[in-house]
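Notes follow once the structure below has been shown.
Counting starts at 1 for both ligands and their atoms, in listed order. Since the model is a prediction, treat every value here as computed from it, not as a measurement.
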Amino acid sequence: MSRALTTRFAPSPTGRLHLGNARTALFAFLLARAAGGRFVLRVEDTDSERSSEAFLEAQLADLRWLGLDWDAGPGREDAAGPYRQSQRGAIYAEHYDRLEREGHAYPCYCSQETLAVARRTQLARGEPPRYPGTCRELGALGRAAHEAAGRRPVLRFRVPPGQSLEFDDLVRGPQRFATDDIGDFVLRRADGVPVFFFCNALDDALMGVTHVLRGEDHLANTPRQRLLLEALGLEAPAYGHLPLLVGADGAPLSKRRGAASLGELRERGYLPGAIANYLLRLGHAGAPDGWVEPAALAGHFALDRVGRAPAHFDESQLLHWQREAVKHLDEAACADWLGPALPPDPGAGARATLVRLLRHNVLFPLEAAPWAAVLFGDLPAPSGDAEAQLHEAGPGFFAAARAALELAGPDLPALAREIRARTGRRGADLYRPLRAALTGRCDGPELGPLLAALPLDTIRSRLEAAEVATGRA
Ligand code: GLU
Ligand code: ZN
């Protein structure tokens with residue numbers, strides 16, 4: 001039976017997801033979607049001290065926000081579940097028993113001190129430190145003696161000697177490891193808690209995962225995980241190790257260093273499509289130059305275009321995709337996005353007007369808030385360039401503009417024609433002071449729609465205020 005290509009994302013809920021995690025998750029998701037396969041979400045929460053329910057909820061919300069819907073996982077249980085490792089104790093126990101029964105694992109009673117001495121001796125001899133095998137052949141009697149002394153064993157995997165392990169990494173190509181370089185490793189801690197290697201590999205196999213994409217920091221785990229699955233007679237997935245995502249300083253982005261978390265980016269108003277478009281180009285070549293709709297991303301992803309060099313986080317590129325994402329929002333989505341940053345609707349569809357005016361002028365909702373005052377509130381006193389524009393034009397210009405307004409109304413071409421006839425000003429010399437008087441700023445939405453959106457009385461009083469302010473000086 002051929003299995004559907006199945007990928008997974010396996011976060012530990014010990015913090016918020018950062019961009020590096022998001023890229024791993026997105027690539028795994030796109031790999032599955034591109035092949036018409038399955039995407040599984042598994043929660044690696046065996047470390048009860050560092051894991052929390054709040055982090056888990058936040059991670060699930062961040063993944064959903066990014067559009068990474070899972071086919072199986074929390075909230076979508078199926079026969080291969082449960083999908084939280086903290087609920088899979090019985091499955092782990094059964095496989096520990098089997099490994100021990102079949103001679104692939106054995107209890108080890110060595111104390112930390114004993115192991116530390118062995119490590120020092122090996123290092124002194126110039127050998128790589130590894131478990132010396134002390135408890136490998138401990139018989140029933142030896143065990144009984146340790147148990148009688150109240151010692152609790154770890155469970156160790158018996159690494160077969162003298163083998164060469166070869167496999168193809170999906171990203172890094174052929175890999176080769178010698179089992180003689182791998183010491184017998186721990187599968188279960190003395191307090192009974194299963195270790196990462198074990199649950200991670202076993203669950204991938206039991207959940208039908210065919211392709212694992214994960215951070216390069218896990219490459220060294222792969223030979224041990226393959227040995228383990230071989231001992232259990234389970235099929236190992238193909239592994240692909242993604243180069244780390246590094247900051248401008250070249251150091252890896254990690255949640256511990258407080259790198260931008262997805263949650264933070266979202267709170268700042270980044271749009272999920274911007275993040276996804278950015279990540280699609282981060283260490284992955286060949287994506288089109290232009291915007292890709294989130295639903296079409298998978299069609300532009302190919303594993304053989306994932307690079308091996310570290311990928312550099314560059315916020316200016318993220319901003320570029322944010323600009324594109326804003327451009328591609330429809331009006332309703334734009335209103336949802338900007339809405340929370342705007343004051344309550346003052347009525348008469350003013351908010352909708354504001355959204356329409358601003359959508360090509362702001363990258364983040366916070367930038368929209370001052371415009372609410374410009375349109376529906378009191379204008380803050382102009383300063384800087386805007387103030388200079390007012391004074392350059394002088395009171396005569398604004399007196400003429402007021403007269404022109406009474407004649408022509410707020411239609412910009414007609415109004416501009418009248419002002420030009422009265423002042424001889426045209427182009428920027430005409431529009432800049434007008435904008436400064438009406439908005440107190442030199443930038444912003446197009447003047448025509450802005451004039452159309454402002455109440456006539458507001459236009460009048462702002463022109464008058466500009467005349468008074470510049471006449472006074
Ligand atoms: N829980 C592990 C991590 O977050 C998963 C590693 C893997 O993807 O295999 O690093
Ligand atoms: Zn031992």
- [ ] Please work out whether the ring planes of Tyr96 and Phe198 are parallel, tilted or perpendicular, with thresholds of 30° and 60°.
- [x] parallel

- [ ] Answer yes when Glu331 and Arg359 have at least one side-chain N-carboxylate O distance shorter than 4.0 Å, and no when they do not.
- [x] no

- [ ] Indicate yes or no: does Glu94 engage Arg88 in a salt bridge with an N to O separation below 4.0 Å.
- [x] no

- [ ] Under 2.8 Å from the Zn ion (ligand 2), which protein N, O or S atoms are there? Could you list them by chain and number?
- [x] Cys108 SG, Cys110 SG, Tyr131 OH, Cys135 SG

Open item on the list: Quick test of your reading of the model: are Asp71 and Arg38 salt-bridged, counting only N-O distances below 4.0 Å?
Closed with: no

TODO: Heavy-atom distances under 4.0 Å are what count here, so tell me which part of Thr24 touches ligand 1: side chain, backbone, both or neither.
DONE: neither

Open item on the list: When you measure from the side chain of Arg281 to the backbone of Pro288, do you find a donor-acceptor pair of N or O atoms at a distance under 3.5 Å?
Closed with: yes

Open item on the list: Using a 4.0 Å heavy-atom cut-off, which part of Arg42 comes near ligand 1: side chain, backbone, both, or neither?
Closed with: neither

Task: Nitrogen or oxygen atoms of Ala10 and ligand 1 under 3.5 Å apart - done: yes

Task: Atom indices of ligand 1 within 4.0 angstrom of Arg8 heavy atoms, with elements - done: 7 (C), 8 (O), 9 (O)

Open item on the list: Whether the Glu324 and Asn277 side chains hold a donor-acceptor pair (N or O, under 3.5 Å, no angle test) is what I'd like checked.
Closed with: no

TODO: With heavy atoms of Asn200 as the reference, note each atom of ligand 1 found under 4.0 Å away.
DONE: 5 (C), 6 (C), 7 (C), 9 (O)

Task: Mutual orientation of the aromatic rings belonging to Tyr278 and Phe313 [parallel < 30°, tilted 30-60°, perpendicular > 60°] - done: perpendicular

Task: Test item: Asn21 side-chain N/O and His18 main-chain N/O as donor-acceptor pair under 3.5 Å - done: yes

TODO: Answer with yes or no whether Phe196 contacts ligand 1, where contact means a heavy atom under 4.0 Å from a ligand atom.
DONE: yes

Task: Numbering as shown, the atoms of ligand 1 that approach Glu44 to under 4.0 Å (heavy-atom distance) - done: 1 (N), 2 (C), 5 (C)

Task: Derivation of the side-chain hydrogen bond (donor to acceptor under 3.5 Å, both in side chains) call for Tyr109 and Glu147 - done: CA-CA 9 Å; Tyr109 295 88; Glu147 295 285 340; 2.5 Å; yes

